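Structure first, commentary second.
Note that the structure is a prediction, hence the values are computed from the model and not measured. Naming convention: chains lettered A, B, ... in sequence-line order (proteins, then strands); numbering from 1 in each chain.
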Amino acid sequence: MDELLADFVAETREMLEASSGEIVAWEANPADRARLDAIFRFVHTVKGNCGFFDFPRLARLSHAAEDALADCRNGHRQPDSDLVSAVLAIIDRIAAMVDAIEAGESFPEGGDEALIDALGQSDAHLPASGTTTIETSGTNPPANRAQQRAEPHAKQRSIRLPVDLLDRVMSGVSDMVLARNDLAHRLRSAGNQPEIDGPFERLSTILSDVRDAITRMRMQRIETLFAALPRMVRDLSNDLGKQVMVDIQGGDVELDREMIEMIRDPLTHIIRNSVDHGIESPSDRLAKGKREMGFLTITARQAGNLISIVVSDDGAGLDDDAIAQKALAMGLISEDERGRMDRDSLLQVIFHPGLTTAQSVSSVSGRGVGLDVVQQNLERVGGSICVTSTKGVGTQFTLQIPLTLSIITGLTVDVSGQRFAIPQSYIEEIIHCSSKALDFTRIGETGLVTFRGKRVACLMLSEVLELAPSDVAEEDHTMIMVRLASGDLFALAVDGIHSHGDIVVKPLAPALMRARVYAGSTLLDDGQPVLLLDVTNIAEQANILSDLSARLRPSESEPQHEATHQPCRAMLFTDFEGRNCAIRLELVQRIETITSDAIDYSGSRPRAVIDGVTLPLAGLPKTRRSDDNVGEKLRLLHLSDGDSGGENALVYAVAQLKEAADLTNPLKPVHDDPLVEAITLLGHQSVSVLDGHALFAQYGDRPQPSDRPICRLPEGQWARTILGPLVTHAGYAIADLDDDRADIAICFDEESEDIASPGAGFDGPIVRLRKGHEASKSDATIYQYDREGLLDALKQARSGKGAAI
Amino acid sequence: MNTLLVIAMIAGRRCAIEAPQVASVIEIGAITPVPRTPDYIVGICAVRSQVLSVIDGRIAIGFEADQFPLDHRAFVAHQDGDAYAIRVDTIEDVCTALSEAEEIPGGFGEQWSKVARGFVETPMGPALLLDIEALILARDAFGAAA
């Protein structure tokens, strides 16, 4: 409401400013018809607006002026100078009242009648209403009025800017980012220059701050879009003889202004659809035991870089049988497919062009054009839509849209000597073609790869773009697994990956867009322009876009028994006894590198502390003790049984890490070492394959947080953001504010008495800080930025040598 | 009269473009080709972090480009908010028109008529007055019709 009010004030001001010239001209020549019309329009608009806001005094004033002016326009009355002055007085009063409304205070009562009377009209023309109403929303007692009036303009917190200007600033900042990238590139190639690099870093930081701010400037609350919806639903339900209640949530979610425009039509369409088809007539609803009044909920939520808008109604729900019949009749799906599709996948058919289940075509919807356009429009901006519905209970549409259009994360790839960018959001995975698991084959001219057990179409980007075939051999390609918004998956073969990062998308000229494979262009760090690929359109042109996402099914061409022959992927390494070992790749979570002093030999078995978590350590030679090879770096395989929720984990130390490989030869079970499952041949070498089960049975354990000493910090921002990381780095955990347990406390000298007092319940060592550089009365404090001193004190306290310092 | 003109050789003919239609003349750097676009679109290039579409003026009008020399500079012109760089044989000079644009009986030939507004007298001799907008859109119309 506040925002609408601000809009009203701003609009009225704008009109006042615009018409002030007219008023003056009209004063000079009361017979001037054009001026009269302009002023009439002004008071008319004000009247309309304040009726909306319930400002009866404003309404009365503008109404009276409007009546008088209408009489002049009709020729019932000749404008004379008295009338002109009276109208001008009213306009002045309106301006003053608008100021008061903006300042949130009440306008002095009285005086309105005199102004209205001056128009020379009888009260009979005026709307009957009390004269004592106070219309402003302010709550200040009148006593404060004088003081408030003194600074009415100081309260103005917003300005109106032309959108063009914002766009220009935005594109200017985008260009600045590009120029910065260019400069960064040049600086890198010029080598290290500390005296330039420092300021350049600063410039970069400032620039990204500014960019964030500008991006926010372009943000608009989605309220601006939602505000019109209740009215639309009301009109629509009246037309259709239905009763619908609208509940709107999340109007404060902010979205790129451009994006709001892009989703306006799709959203409107879905809502019309819901009211028309979803919600039943009151009598039907009563018959079904529902409330007479239908319920429509529109919710906006932000999740990371995505906004989801959910439109749900409690109507009849989608009729999947009717949809299926229609889809069968249109040949979209076969009987066979129909049998295998679950309800949810079937429902997505409604986004197919030409499909409507409406019994009759109404003026509102049901012409079979619409949801497909909605889907297309959303996909064009990188969004998606899906529907869920329960028959008889309701339907829910979920729209997902990215926050902004112009800056996205992208991957740049090389193909046939040229470079292209692909929006990161589409990329599911990147796989090198040599990987056996990918199993690239050509069926006729079409490439196929196996991805997660499914046959997936593969497009050669060089062929899509009609480029010369690249020098890179087919098996050396890199496959980019692209997941489209519709859920379709395909592989795009490129020669190699160049880089990835934020890219600023610039529009392309229409003649270039007509190629229908580009979404825009961007500039690389070196200033070279690069085309951004439109993967959705590429897929569409290659006809690999299934009509229904449900058509994506496990490849049936692949017989089941082949699966067991799939090569076992394993990580190869040499253990500390010099054996060639392998461990199944699925077990390996990641590779860790630690120094040997992070190993704890105190228990019966060695343990390693990684990122504050203690894990059992296997694979070390049994003879190894803590005093061996201090400071040596150790490579560990972080293994996990992958049972999410309560997973067991351990780390396995290796002497030398080799590559991952496919174990294609048969595995020969062995029984002499309990930790070895089998041996196999790889090339000409025998490899022991570790037994995952035995490993976990013997070593596996739930990861345990290490018992780091807890440190209590002084309160406040400085301690949290500046001191905290240093203390964490020194190996301490930070105590919660309300946590009494702490092994050590850091405090400012002046507070130290409170903590050290017996009542505080803290008897550990205390590190005292001072804010000043100079040591004051005692030497027992440490200057707050004396990093060495602080670390030293913490270390001493930890080893238990130091008492309170 | 007295209009400033940019004089260039395009497909071996002397052409004039009204200076206000030309935003600037740039040195063409590296051009990124754009696959799957008509041949008159040479590619895109970046100038001061702006992306320009590079058009070969000769091909756009309907000639073979390889019969003519190619200037390392190009005109920049704006059309519907997009910036285009137009490549020509040579960019010669800027001078003042000595006459208004005139039609000549019989026209200028099939290709030229689409992009010409008439001919003007210049200190360098008579030149064909080109309409940049028509030049940019010359082949576009074909594309749309096809």
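Note that OG1 of B:Thr32 and CG of A:Leu531 are 7.0 Å apart. Values are rounded to the nearest 0.5 Å. Atom CE of A:Met513 and atom OG1 of B:Thr37 lie 13.0 Å apart (nearest 0.5 Å).
Residue A:Arg442 qualifies as enclosed at atom CZ: its count of foreign heavy atoms under 6.0 Å is above 12. Within 6.0 Å of CD in B:Glu64 there are 12 or fewer heavy atoms belonging to other residues, nucleotides or ligands. Around CG of B:Asp66, the count of heavy atoms belonging to other residues, nucleotides or ligands within 6.0 Å exceeds 12. Within a 6.0 Å sphere centred on CD of A:Gln193, heavy atoms belonging to other residues, nucleotides or ligands number more than 12.
Judged purely by atom type and a 3.5 angstrom limit, A:Gln418 uses its side chain to pair as donor or acceptor with the backbone of B:Pro33.
When all heavy atoms are compared, the tightest approach of A:Leu512 to B:Ile44 is CD2-CG2, 3.5 Å. Taking each heavy atom of A:Tyr518 and B:Pro35 in turn, the nearest pair found is OH-O, 2.5 Å. When all heavy atoms of A:Pro529 and B:Ala46 are compared, the pair lying nearest together is CG-N, 3.8 Å. For the pair A:Leu465 and B:Arg36, the tightest heavy-atom approach, listed with the atom from each and the gap, is O-CG, 3.7 Å.
Listed by chain and number, the residues in a side chain to side chain donor-acceptor pair (under 3.5 Å) with A:Glu261 are A:Arg264 (sequence neighbours excluded).
Contact of A:Val177 with chain B is not made at all, since no heavy-atom distance falls under 4.5 Å. For A:Leu467, the part lying near chain B is the side chain, with the backbone staying farther off; criterion is any non-hydrogen pair under 4.5 Å. Of the atoms belonging to B:Ile41, it is side-chain heavy atoms, and not backbone ones, that fall under 4.5 Å from chain A.
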